[in-house]
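Worksheet for the structure shown next.
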Amino acid sequence: MKCSDDVDEAVTLADRIILIENGRVTMDQRISLPRPRKRKDPEFLTLAEEILERVMGDEAGLINGEAEKVQQLANTH
């Protein structure tokens, strides 16, 4: 199974996706799309792509200047 398939499945099934890297929460994404979720829906595709880019980002898992947001999230959990 490809990584993109895993992300699509997570977005289809989950209400929340949490990414943990090096023992720290680096992403906490709530999924508020209505059910049943359709993989060809533009909102679904956009969300899945954002999550995939986040998962496949650099080693620290920080892309698009999210370092401060991730640090705040890590400090609150």
(request) Show your reasoning for whether side-chain contact (heavy atoms from CB on, under 4.5 Å) applies to E49 and V7. (result) CA-CA 8 Å; E49 182 63 28; V7 170; over 6 Å; no
(request) Say whether, by atom type as modelled, one donor and one acceptor occur between the side chain of N22 and the main chain of R24 under 3.5 angstrom. (result) no
(request) Decide yes or no on side-chain contact (heavy atoms from CB on, under 4.5 Å) for I18 and M27, but give the supporting numbers first. (result) CA-CA 5 Å; I18 298 173; M27 184 184 77; over 6 Å; no
(message) Check K38 with D8, please: is the shortest side-chain N to carboxylate O separation under 4.0 Å?
(response) no
(request) Could you tell me whether D5 and R39 have a side-chain N and a carboxylate O separated by less than 4.0 Å? (result) no
(request) Verify the cluster assignment for L13 and I51: are they in a single hydrophobic cluster under the rule of side-chain heavy atoms below 4.5 Å apart? (result) no
(request) Please test I31 against D15 for side-chain contact (heavy atoms from CB on, under 4.5 Å), starting from the C-alpha separation and ending with a verdict. (result) CA-CA 5 Å; I31 310 297; D15 294 320; 5.5 Å; no
(message) Which residue in the set L47, V11, L19 passes side-chain contact (heavy atoms from CB on, under 4.5 Å) when paired with Q29?
(response) L47
(message) Quick check: closest heavy atoms across D28 and R16, and the distance to 0.1 Å?
(response) OD2-NH2, 2.6 Å
(request) Could I get the full list of salt bridge (Lys or Arg N to Asp or Glu O under 4.0 Å) partners for R30, not counting sequence neighbours? (result) none
(message) Rounded at 0.5 Å granularity, tell me how far OG in S4 sits from CD in E9.
(response) 11.5 Å
